[in-house]
Amino acid sequence: MFDIAILWEARELILQGLWNTVWICFLGCLLALSLGLLLAALRLANPQVFGYPVACYVELCRGIPLLILLFLLYYGGPSIGLTLSASVAGVVGIGLYGAGYFAEIYRGGFKSIPKGHVEAARMLGISPFHVLTRIQIPQMARLIVPPSTNQLIILVKESALISIISVNDLTKNATSIVNETFHVIEPYLAVALLYWLIIELIARGGYALEKRLANRQPRPIEPLGDTLHANG
Amino acid sequence: MPMVDTLATSSSTRQKAIVEAQGISKQFGDLEVLTDIDFSLSPSEVVCVIGPSGSGKSTLLRCLAFLEPYDHGSVYIDSQLLGYEDSGGKRVRTSEKRVDEVRAPVGMVFQHFHLWPHRTALENVTEALRLVNGLSRREATAEGMAMLEQVGLADRAGHFPESLSGGQKQRVAIARALAMKPRVMFFDEPTSALDPELIGEVLDVMNKLAADGMTMVVVTHEMGFAAKVADRVIFMDQGRVVESGAPDTLFRQPKSERLQQFLNTWRERHID
């Protein structure tokens, strides 16, 4: 029988788990997004110098499971003088792991901007810096939103692995409730629903951003006031 | 700077060249795409470059604009060497900034328009006015609208490129280049990506520009345009200039076998 009362009694554990999953994922994803940007920028800025190391990093991220990375950070860290709390190891693990994927997403976005857009700008005398900030990055932003949203969702789901290095996240606390009450279905269904909610929020956010960046409806000609409108 | 003038057919009283190339060549890997090209362009002159695909005509234009760095020879714009400078007897690449300075008199229009899709038609035109010329938003908008007016697209100013036809896109691209007040316009196959019924509107704009005295180099497959508008036509094949001269002479009495073949093929395709 489905016993909803169990969830009500364990509400504090569930909320604690939710909070931990949310902040660890938030910081981990933030780290992944920014480190990924740095890696992509290094690689694009000087492919001769940074290309190979960055490519190695990306291959490493893709080649090893997140769980192994978390084990190395949390259990292996102290042996090289790096003692992290479980939560911090979770943030760093998700960050390092995701960065490799984001670096590739950014690089792909950047590469898919036609060379001609840059040439047209350079022929008008627009400096390489402005070409980057005004022509390339705004176009890239639109291209990378869908794959980035996807990657964020994957990271949040994979964050369940931090429960194995003893972080009291949604997954670990659900397991605790199962162990105490011997009810399996209710706690796991409840946290599944919560994961789904977080992911739905990210998906909606990504979709809204995508729509906003893709909005190419005709616009009025601003500084000339109402006399000229663009709907001709 | 020596004035080599192998291709000029106009009178000896012509003015100093705006664009001049001496013995330029270019290789892509093992493939020599340009071999020892001399070229010179006088103010108000319209030169059309024709030739089969892969003849190097687009590469020539791109080298004249330094979008492709040429390997040997020299390109001068207003007597200033483009892209290279002398450094202790060795030729080295100049800074991008210097390239911009020397290239400032040149405007360029591309086969595939290359409008920026995240900017409206007007913003495509005003971007460089604001970033390079430092105009205020209001000034740039007024100037941009005037340019769009000139190509007949003021009513499309607020539209993004994706909602414009190919012909309209190319006219916006022309307006964008003209906004920087170039003294020379390079056209790289400006109508080759257009549906046949849209070619006319772009050629009309180019006709008008030529009539107003704009100096132009046009790489094109539009023989009609070349015959009507060009002061001089250059026929290229396999990276070399095979023949050049006034359009009447060139089209009616082609000297080289290659050009005869090329014109015959063209006529066969355009007779029906």
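Below, read A as the first sequence line, B as the second, and so on, with proteins coming before strands; counting in each chain starts at 1.
Interatomic distance, OG1 of Thr149(A) versus CD of Gln151(A), reported as 10.5 Å (0.5 Å rounding).
Heavy-atom proximity under 4.5 angstrom to chain B picks out nothing from residues 84-113 of chain A. Contact annotation for residues 169-186 of chain B against chain A (heavy-atom separation below 4.5 Å, listed by residue number): Arg176(B), Ala177(B), Met180(B).
The local environment of CZ in Phe28(B) is crowded, with over 12 non-hydrogen atoms from other residues, nucleotides or ligands closer than 6.0 Å. Other residues, nucleotides and ligands contribute more than 12 heavy atoms inside 6.0 Å of the CZ atom of Arg91(B). Within 6.0 Å of atom CH2 in Trp19(A), 12 or fewer heavy atoms from other residues, nucleotides or ligands are found, so the atom counts as exposed in its surroundings.
Of the atoms belonging to Glu123(B), it is side-chain heavy atoms, and not backbone ones, that fall under 4.5 Å from chain A. When heavy atoms are compared at a cutoff of 4.5 Å, Pro161(B) does not approach chain A at all. Contacts between Val106(B) and chain A at a heavy-atom distance below 4.5 Å involve backbone atoms as well as side-chain atoms. Heavy atoms closer than 4.5 Å to chain A are found in both the backbone and the side chain of His118(B). Using a 4.5 Å cut-off between heavy atoms, Leu115(B) contacts chain A through its backbone alone, with no side-chain atom that close. The contact between Ala65(B) and chain A is made by backbone and side chain atoms together, counting heavy-atom distances below 4.5 Å.
Looking only at heavy-atom pairs under 4.5 Å with chain A, the residue among Pro117(B), Ala128(B), Ser163(B) that has the most is Pro117(B). Per-residue counts of heavy-atom pairs under 4.5 Å with chain A were compared for Met108(B), Arg103(B), Lys97(B); the largest is that of Arg103(B).
A side-chain donor-acceptor contact under 3.5 Å links Gln80(B) and Arg98(B). A donor and an acceptor atom, one from each side chain of Ser58(B) and Asp188(B), are located under 3.5 Å apart.
A cation-pi arrangement is absent between Arg43(A) and Phe50(A), since the terminal nitrogen or guanidinium carbon is not both under 6.0 Å from the aromatic centre and inside a 45° cone about the axis.
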Report the C-alpha distance between Glu96(B) and Arg122(A) in whole Å, list the side-chain angles of each, state the deciding distance to 0.1 Å, and finish with yes or no for salt bridge (Lys or Arg N to Asp or Glu O under 4.0 Å). CA-CA 9 Å; Glu96(B) 292 290 308; Arg122(A) 296 286 303 119; 2.6 Å; yes
Evaluate the side-chain contact (heavy atoms from CB on, under 4.5 Å) criterion for residues Gln168(B) and Glu201(B): first the C-alpha distance (whole Å), next the side-chain angles of each, then the deciding distance (0.1 Å), finally the verdict. CA-CA 8 Å; Gln168(B) 290 173 335; Glu201(B) 61 188 77; 4.1 Å; yes
Salt bridge (Lys or Arg N to Asp or Glu O under 4.0 Å) assessment of Glu139(B) paired with Arg130(B): CA-CA 9 Å; Glu139(B) 293 166 329; Arg130(B) 302 203 56 200; over 6 Å; no
Stepwise ring pair (Phe, Tyr, Trp, His ring centres under 6.0 Å) test for Phe110(B) and Phe187(B): CA-CA 6 Å; Phe110(B) 300 85; Phe187(B) 292 87; over 10 Å; no
Step by step, would you call Arg142(A) with Glu210(A) a salt bridge (Lys or Arg N to Asp or Glu O under 4.0 Å)? CA-CA 7 Å; Arg142(A) 187 189 185 201; Glu210(A) 194 184 327; over 6 Å; no
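When ring centroids are compared, Tyr195(A) and Tyr188(A) stay outside the 6.0 Å threshold.
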